[in-house]
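Here is the structure we will look at, set down as structure tokens.
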2 protein chains.
Amino acid sequence: MKVSKSERTRRTIVEAARKLFGEKGFDRTTVREIASAAEIDPALVIRYFGSKDQLFAQAAEFRLDLPDVTNVDRSRIGEALVQHYLAVWEGEAGTGGLPILLRSATSSETAAEQMREIFLRQVLPAVRAIKGGRGASRRAALVASQLLGVALCRYILKFPPMVAMPREMLVVEVGRTIQRYATGEDATEG
Amino acid sequence: MKVSKSERTRRTIVEAARKLFGEKGFDRTTVREIASAAEIDPALVIRYFGSKDQLFAQAAEFRLDLPDVTNVDRSRIGEALVQHYLAVWEGEAGTGGLPILLRSATSSETAAEQMREIFLRQVLPAVRAIKGGRGASRRAALVASQLLGVALCRYILKFPPMVAMPREMLVVEVGRTIQRYATGEDATEG
DNA sequence: ATATGAAGTCAACGCCTGTTGAAGTCAACG
DNA sequence: CGTTGACTTCAACAGGCGTTGACTTCATAT
């Protein structure tokens, strides 16, 4: 079963939208720009997705896919999480859901709400799986704060030392923090 | 020497601008809204500040005023920094420079550049003062990532557990992380 | 009282935005 | 060939934006 022509255009539009939303955020991306990048008419964007907001909602959808850490060396859980997280950010190269949301969530309540959803449905369960208990939601929030902070400084604000830092160093340094937040205990040395 | 009338209006405008920029970011705040909040004509805003961008630049200016930690118990430097940082955020209640910049820096390169300036001129020197050495800029970047991440989750994205967490708990938990990043060593217990 | 200059208002410009409905194109099918 | 139906374009609307220049208001100083 081949994909219909309309389905192909839909995807072209979403791809263009992802790229632009991820680079400039919701407000600074216009329907006309998206259409131009997809080499079609602006009206078609609306016809396919109803409105700019609905297109954004669709473009921003994604799964964080935190790795299963139940069979990872317990003292290396933090590193494993950071490793995966950075790979997600660098892999999707501006077309992924996280950059899109982070770029827009500081000024759009809708996007902020989507971030809270992701925290609730994807980060919190993962942290709970590592170590349950009454403090799980707090620990998850601390984990999220450190991970989002790293992405903010490295990929969005582009603080030079943060950009220059090799990935492995981040994995080790930030990994230790995540380890403590997620498990409640410090990582053992080297 | 009394303040002239024009000076008073100038300040009214900046105050209104600070409030709105801090709540909704640069793009979603209009000159007309600012004027309306200041109870004057939109044209006056431009007359006084030249353009919306110049008004923003002025409204976003601020000093982080990181405390002098040279005479603080060395094992409590992290806590002291977090304590001060949270006080800044909660004190300025949406009218301070940091919320304004953070709300806009994800989609405005100008605002992002201002954030890099603050990192360079205010955070980096403070971290260097605690412990110099070749890794100071990296450690400062890690400090910034954690602090900005906390503000993002607590004041902007409003992750419920992060909002609910008492300030003292944040000071202790995040303080430990900042302690390690800033000094290169862990905090001693209790 | 009248002139002066600052302080503030008004209406409008040109531009860009998301969105709409009618018209057009083109391949598939009777 | 002619007609359908999916796919796409075109031109335009209504509204909001930052910004401008001419006008009014008003306190002050001569």
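Throughout, a chain's letter reflects where its sequence line sits, starting with A, and its residues are numbered from 1.
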Side-chain N or O of [X] less than 4.0 angstrom from OP1 or OP2 on [N]?
{"X": "Y48(B)", "N": "dA7(C)", "value": "no"}
{"X": "K5(B)", "N": "dC26(D)", "value": "no"}
{"X": "S51(B)", "N": "dG18(D)", "value": "no"}
{"X": "S6(B)", "N": "dA6(C)", "value": "no"}

Residue [X], side-chain atoms from C-beta onward, closest of [options]:
{"X": "L44(A)", "options": "dG21(D), dT8(D), dA7(C)", "result": "dT8(D)"}
{"X": "V31(A)", "options": "dT19(C), dC7(D), dT19(D)", "result": "dT19(C)"}
{"X": "I46(A)", "options": "dT19(C), dT8(D), dA7(C)", "result": "dT19(C)"}
{"X": "K52(A)", "options": "dT19(C), dG21(C), dT19(D)", "result": "dT19(C)"}
{"X": "R32(B)", "options": "dT19(D), dT20(C), dT9(D)", "result": "dT19(D)"}

Separation of [X] atom [atom1] from [N] atom [atom2], in whole Å?
{"X": "I34(B)", "N": "dG18(D)", "atom1": "CD1", "atom2": "P", "value": "8 Å"}
{"X": "D41(B)", "N": "dT19(D)", "atom1": "CG", "atom2": "C1'", "value": "12 Å"}
{"X": "Q54(B)", "N": "dG18(D)", "atom1": "CD", "atom2": "P", "value": "14 Å"}
{"X": "F26(A)", "N": "dT17(C)", "atom1": "CZ", "atom2": "C1'", "value": "11 Å"}
{"X": "E39(A)", "N": "dT8(D)", "atom1": "CD", "atom2": "P", "value": "13 Å"}
{"X": "D27(A)", "N": "dG18(C)", "atom1": "CG", "atom2": "C1'", "value": "13 Å"}
{"X": "D53(B)", "N": "dC17(D)", "atom1": "CG", "atom2": "P", "value": "16 Å"}
{"X": "R28(B)", "N": "dG18(C)", "atom1": "CZ", "atom2": "C1'", "value": "14 Å"}

Assign each of R47(A) and T30(A) to its nearest nucleotide of DNA chain C by heavy atoms, then name whichever residue's nucleotide is nearer the 5' end. T30(A)

Measure from NZ or CZ of R103(B) to the centre of the six-membered ring of Y155(B), then state whether that distance is under 6.0 Å and the direction lies within 45° of the axis.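 No, R103(B) and Y155(B) do not form such a contact.
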
With sugar-phosphate meaning primed atoms plus P, OP1 and OP2, does F49(B) contact a base, only sugar-phosphate, or nothing at under 4.0 Å between heavy atoms? nothing

Between F26(A) and F21(A), what is the ring plane arrangement, given parallel below 30°, perpendicular above 60°, and tilted in between?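 Aromatic pair F26(A)/F21(A) classed parallel.
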
What is the minimum heavy-atom distance between M115(B) and A105(B), and which atoms define it?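 That would be CG-CB, 3.9 Å.
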
Applying a 3.5 Å limit to both distances, which nucleotide forms a Watson-Crick or G-U wobble pair with dC26(C)?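 dC26(C) is paired, partner dG5(D).
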
If you measure only the distance, is there a donor-acceptor pair under 3.5 Å linking the side chains of E173(B) and Y181(A)?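 Per modelled atom types, E173(B) and Y181(A) side chains form no pair under 3.5 Å.
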
State whether a side-chain donor-acceptor pair under 3.5 Å links T177(A) with R180(B). yes

